[in-house]
Amino acid sequence: QVQLVESGGGSVQTGGSLRLSCTAPGFTSHNCGMDWFRQAAGKQREWVSSISSDGSTSYVDSVKGRFTVSTDNHKDTVYLQMNNLKPEDTAMYYCQGGGRCRYRYWGQGTQVTVSS
């Protein structure tokens, strides 16, 4: 069964870095973009970043200049490089197919905790 699988989260101090990975089977062959979302405890999921099939990227204002989204198309994998992390970045992070390419089921997410 096709599944989104996120990994790479962990606990870091303010100013630290993490690189999240998401395996998303088929997104390259279907010419899809990918999105990152996050959900902090007790809050709604929010959109964080997108990368389109043409490589263009976008970010929520709160992470601009700190996060970078990229893909490895041969591996059907999307990454989120997270630098200069802040406590407000603490959340469970999820990936999803972009636009028309939504997967039916969400993955398990990967937890990011930033302390200071």
Side-chain angles (χ1 to χ4, degrees):
Q1 185 173 181
V2 65
Q3 291 186 46
L4 295 165
V5 180
E6 301 92 344
S7 62
S11 297
V12 298
Q13 297 191 101
T14 298
S17 297
L18 289 169
R19 189 177 77 155
L20 308 185
S21 298
C22 167
T23 57
F27 91 87
T28 298
S29 63
H30 287 82
N31 199 34
C32 294
M34 292 294 296
D35 294 340
W36 283 98
F37 293 82
R38 65 187 180 187
Q39 186 171 24
K43 296 185 178 180
Q44 180 67 45
R45 278 190 180 115
E46 69 167 339
W47 170 82
V48 176
S49 182
S50 294
I51 183 163
S52 300
S53 59
D54 67 359
S56 63
T57 60
S58 58
Y59 304 89
V60 67
D61 285 346
S62 60
V63 310
K64 285 180 179 176
R66 301 188 297 119
F67 291 10
T68 304
V69 63
S70 62
T71 61
D72 181 338
N73 291 332
H74 286 112
K75 294 183 177 180
D76 271 345
T77 299
V78 60
Y79 303 98
L80 188 67
Q81 178 66 48
M82 309 165 66
N83 297 326
N84 192 24
L85 283 160
K86 302 176 178 181
E88 47 264 49
D89 298 316
T90 295
M92 188 74 76
Y93 283 72
Y94 301 88
C95 60
Q96 251 296 357
R100 64 183 172 85
C101 299
R102 296 297 202 216
Y103 291 71
R104 182 173 182 180
Y105 301 107
W106 293 82
Q108 82 286 356
T110 186
Q111 178 68 40
V112 171
T113 302
V114 185
S115 303
S116 197

Tell me if a side-chain donor or acceptor on [X] pairs with a main-chain N or O of [Y] at a distance below 3.5 Å.
| X | Y | answer |
| --- | --- | --- |
| S53 | C32 | no |
| D35 | Q96 | no |
| Y103 | C95 | no |
| S116 | Q13 | no |

How many angstroms lie between atom [atom1] of [X] and atom [atom2] of [Y], to the nearest 0.5 angstrom?
| X | Y | atom1 | atom2 | value |
| --- | --- | --- | --- | --- |
| E6 | F37 | CD | CZ | 11.5 Å |
| Q111 | R38 | CD | CZ | 12.0 Å |
| T23 | D72 | OG1 | CG | 12.0 Å |
| S17 | F67 | OG | CZ | 9.5 Å |
| R19 | T68 | CZ | OG1 | 11.5 Å |

[X] to [Y] - nearest heavy-atom pair and separation:
| X | Y | answer |
| --- | --- | --- |
| T90 | A40 | O-CB, 3.7 Å |
| L4 | M34 | CD2-CE, 4.3 Å |
| V112 | L20 | CG2-CD2, 4.0 Å |
| W47 | S58 | CZ2-OG, 3.4 Å |
| S49 | L80 | CB-CD1, 4.3 Å |
| Y59 | K64 | O-CE, 3.2 Å |

Is the CZ atom of R104 crowded by more than 12 outside heavy atoms at less than 6.0 Å?
-> no
Counting only heavy atoms not in Q108, do more than 12 fall under 6.0 Å of its CD?
-> yes
May I ask whether [X] and [Y] are part of the same hydrophobic cluster, defined by side-chain heavy atoms of I, L, V, M, F, W, Y residues being less than 4.5 angstrom apart, directly or through others?
| X | Y | value |
| --- | --- | --- |
| M82 | V5 | no |
| V69 | Y79 | no |
| V114 | Y93 | yes |

Thinking salt bridges, do K86 and D89 make one under a 4.0 Å N-O criterion?
-> no
